[in-house]
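Structure first, commentary second.
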Amino acid sequence: MDGHAGHGPDPTTLLVLLVAVPAVVGYLVAVRGEAGRRSWPPGRTACWLAGVAAVVAGTTGPLAAAAHTDFRAHAVAHVLVGMLGPLLLVLGAPVTLALRALPVAGARRLSGVLRSRPLRLLTEPAVAVVLDLGGLWLLYRTPLLGWTHTAPAVHLAVHLHLVLAGYLLAAVLVGRDPLPHRRSHRHRAVALVVALAAHGILAKTLWAEPPAAVDAATAQAGAVVMYYAGDVVEVAMAVLLCRRWFAGPGARPRVRAAALPTG
């Protein structure tokens, strides 16, 4: 695996910092504003901060630098950026916090987006699975992985996709935020099983048939990391989904139309 270090500032690092800092500051400011009206669970704040830290750790610094040349480091970054980080961000319930913190007009606009037809399509579990797992198969089973190490723009786009697609999948399957179009627990459980199987099969194929320019031993070590660490995240998602399923309708993270500000 060839790196592209030495070609100037990494645009991925710059973008991550430009997004991560406002994300942390904005979230904490909103939580502080909530403190004067009603409590905001500290666990959600911790999840949000941990999620941002996971994404930053996987896209910047020593791990990201090593990921350019070592597939084992790449696999660790893959789990942090595309799986663990997005799940923790979703558990931070940023949309719920925004609905509470925004002025009425802003909250109404946000609730309108939540009810929109494009979001209905995007939050269909099958669509979320295809965007997330389909993107991973495209990355590892085509020359795209090699391009990420030679073209900074491709590297940036791939990482952005990993975070957004991972966030979408976690939000659709186990999210706490209001989602008027959320499917039933049974429907989401099937989608989660499909996602888990697709990720596991992908990791096994990487073990058996390494990506181009990756030696077999390194690819196999990275595939093992991807397989087992990915399993940990996916099992956590299954536990969250089952816990809410068994808790009954009252525990569903669905917000009915009457509970959202009307536009």
Side-chain angles (χ1 to χ4, degrees), residues 16-61 63 76-77 79-104 106-111 113-114 123 128 162-180 182 185 188 192 229-256 258-261:
V16 168
L17 295 178
L18 285 174
V19 174
V21 173
V24 169
V25 173
Y27 191 96
L28 293 179
V29 168
V31 170
R32 184 174 182 179
E34 277 296 291
R37 291 172 288 183
R38 61 190 118 174
S39 63
W40 181 255
R44 295 185 182 184
T45 302
C47 285
W48 180 260
L49 297 179
V52 173
V55 173
V56 170
T59 52
T60 67
L63 178 60
V76 175
V79 173
L80 288 175
V81 175
M83 302 182 75
L84 180 60
L87 175 59
L88 290 169
L89 292 174
V90 164
L91 295 180
V95 176
T96 300
L97 181 61
L99 285 170
R100 290 187 185 184
L102 286 171
V104 173
R108 285 177 175 171
R109 283 194 290 271
L110 179 55
S111 69
V113 173
L114 293 175
T123 55
L162 284 176
V163 176
L164 294 179
Y167 184 94
L168 175 66
L169 184 64
V172 168
L173 297 183
V174 298
R176 290 169 166 161
D177 284 323
L179 194 60
R182 195 183 299 279
H185 288 101
R188 284 181 279 149
L192 178 57
D231 269 2
V232 171
V233 177
E234 286 162 339
V235 168
M237 293 176 67
V239 170
L240 288 169
L241 180 59
C242 290
R243 189 177 69 175
R244 291 169 189 169
W245 191 351
F246 298 150
R252 291 178 183 175
R254 180 195 299 270
V255 170
R256 295 178 174 82
L260 292 172

Do any pairs count as a side chain to side chain donor-acceptor pair (under 3.5 Å) and have a residue in residues 20-31, sequence neighbours left out, and if so which ones?
-> Y27-W40
Pairs flagged by side chain to side chain donor-acceptor pair (under 3.5 Å) wherever residues 82-103 is involved - sequence neighbours left out =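 Counting only pairs at least two positions apart or across chains, the side chain to side chain donor-acceptor pair (under 3.5 Å) contacts touching residues 82-103 are E34-R100, T96-D177.
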So which heavy atom on [X] is nearest to which on [Y], and how close?
X: R244; Y: G175; answer: NH1-O, 3.5 Å
X: A170; Y: P86; answer: CB-O, 4.4 Å
X: A30; Y: A101; answer: CB-CB, 3.9 Å
X: V90; Y: A171; answer: CG2-N, 3.6 Å
X: R182; Y: P178; answer: NH2-C, 4.5 Å
X: G58; Y: A77; answer: O-CB, 3.5 Å

[X] vs [Y] side-chain heavy atoms within contact, under 4.5 Å:
X: L241; Y: L173; value: no
X: L91; Y: R176; value: yes
X: V174; Y: L87; value: yes

Listed by chain and number, what are the side chain to side chain contact (heavy atoms under 4.5 Å, CB included) partners of V163, not counting sequence neighbours?
->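 For V163, the residues satisfying side chain to side chain contact (heavy atoms under 4.5 Å, CB included) (neighbours in sequence not counted) are V55, V81.
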Rounded distance (nearest 0.5 Å) linking atom [atom1] of [X] with atom [atom2] of [Y]:
X: T45; Y: L97; atom1: OG1; atom2: CG; value: 7.5 Å
X: W48; Y: L88; atom1: CH2; atom2: CG; value: 11.0 Å
X: M237; Y: R188; atom1: CE; atom2: CZ; value: 10.5 Å
X: L102; Y: L110; atom1: CG; atom2: CG; value: 6.5 Å
X: L164; Y: L169; atom1: CG; atom2: CG; value: 12.5 Å
X: M83; Y: D231; atom1: CE; atom2: CG; value: 8.0 Å

Applying the side-chain contact (heavy atoms from CB on, under 4.5 Å) test to V16, which of V52, V56, V21 qualifies?
->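 Exactly one option meets the side-chain contact (heavy atoms from CB on, under 4.5 Å) with V16, and it is V56.
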